[in-house]
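All values reported here derive from a predicted model rather than from experimental measurement. Atoms within a ligand are numbered from 1 in the order they appear, just like the ligands themselves.
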Amino acid sequence: MKRIAVLTSGGDAPGMNAAIRAVVRTGLHKGWEVFGVRHGYAGLIAGNFQSLGARDVGGIIQQGGTVLGSARSPEFKTEEGRLKAVRALHQQGVEGLVVIGGNGSQTGALALSQMGFPVVGVASTIDNDLYGSEIAIGADTALNIALEAIDRLKVTASSHQRAFLVEVMGRDCGYLALMAGIAGGAEAIVIPEVETDPEALTSELRAAYERGKAHALVVVAEGARYNAEELARYVRKHRDRLGFELRVTTLGHVQRGGAPGAFDRILGTRFGAAAVDALAAGKSGVLIGLLKGEIQTTPLTEVVANKKTLDPRLIELAHVLAR
Ligand code: F6P
């Protein structure tokens, strides 16, 4: 019998539980033993393993977060920490590891793989900034949560003829902001990938006011050069020119905590099962992701070495539509 383990690492993402469930049940289906590692790489270093049966992952597919717990482990970034982790895996008799997480987590997965331990990564981050997958687990649910907030803010903004700056997560990537802005019909979108001049933004908002708009909604990515608070500080200095009254809403972790939608449950399920299939086929040092609509593997060396970029046509489209 083969023994494998699964962990979730970095920021939690809705759909991680679907992936855990699929890893466990696909592993059991192959006649393997499956362990969950509590709290990501920190738990791995501490040898915090838990044997998981089919019932242990029952009723979790609809839950947000991760039942295994997650962490950002500074110790795992050291060579000593990583050696402890590999030792713990060997002591437990584990022969393959599935790492569900985003960029930092997959960098850790690559390090383990380069130490000779068989690892398969699963693309999971609400930021959707992971090379090797068009869409990562959690991004769709987080986007829908941001969108619901935007729709609600537009209602109150219209009642009061206000402009809103809505800040969404995404670390250094503008994916969530761009998509939420397009889907929410934002008047402007501010993302790290495009330089935004606060002066030009103020003029754009003024122009929207003069065109008779009842509100103006600006989606701002947290990683943009000027975040929502900084932009607001600038715009407020010129409030006489703005027309609208201004308010700021920062969505923050609200976007991460939701129950996964159907898309993320299915994606997590497919990715988790594919990770176990990859280990069974003797594949490791790869990321499971979705490319051109198909489940594909990409070497972790490529995943870590490359930066995912936004589609410039979508950036242009957002600009054209914001009239
Ligand atoms: O990577 C996911 C993410 O939610 C980012 O969008 C955000 O910048 C970061 O994690 C927040 O990290 P933490 O949960 O550690 O505050």
For [atom], grab the closest protein heavy atom and report residue, atom and distance to one decimal in Å.
atom                   : value
atom 9 (C) of ligand 1 : Arg171 NH2, 3.5 Å
atom 4 (O) of ligand 1 : Arg256 NH1, 2.8 Å
atom 8 (O) of ligand 1 : Glu222 OE2, 2.5 Å
atom 5 (C) of ligand 1 : Asp127 OD1, 3.4 Å

For His253, counting its heavy atoms only, list the atoms of ligand 1 lying under 4.0 Å from any of them. 13 (P), 14 (O), 16 (O)

What atoms in ligand 1 come closer than 4.0 Å to a heavy atom of Gly170? 6 (O)

Phe49 vs Phe35 aromatic rings, parallel, tilted or perpendicular, using cut-offs 30° and 60°? perpendicular

Examine the proximity of ligand 1 to Arg72 and report which part, side chain or backbone, both or neither, has a heavy atom under 4.0 Å away. side chain

Will you find, in the side chains of Glu199 and Tyr234, an N or O donor that is under 3.5 Å from an N or O acceptor? yes

Go through the steps for Asp277 and Lys283 under the test salt bridge (Lys or Arg N to Asp or Glu O under 4.0 Å), then give the verdict. CA-CA 9 Å; Asp277 286 344; Lys283 267 194 190 176; over 6 Å; no

Please check if Leu176 and Leu267 belong to a single hydrophobic cluster, counting links between Ile, Leu, Val, Met, Phe, Trp and Tyr side chain heavy atoms closer than 4.5 Å. yes

Quick one, Phe244 with Gln161, criterion side chain to side chain contact (heavy atoms under 4.5 Å, CB included). Give me CA distance, side-chain angles, the key distance, then yes/no. CA-CA 6 Å; Phe244 298 109; Gln161 208 178 16; 3.9 Å; yes

Counting only heavy atoms not in Arg225, do more than 12 sit closer than 6.0 Å to its CZ atom? no

Does an N or O from Ile126, backbone or side chain, lie closer than 3.5 Å to an N or O of ligand 1? no

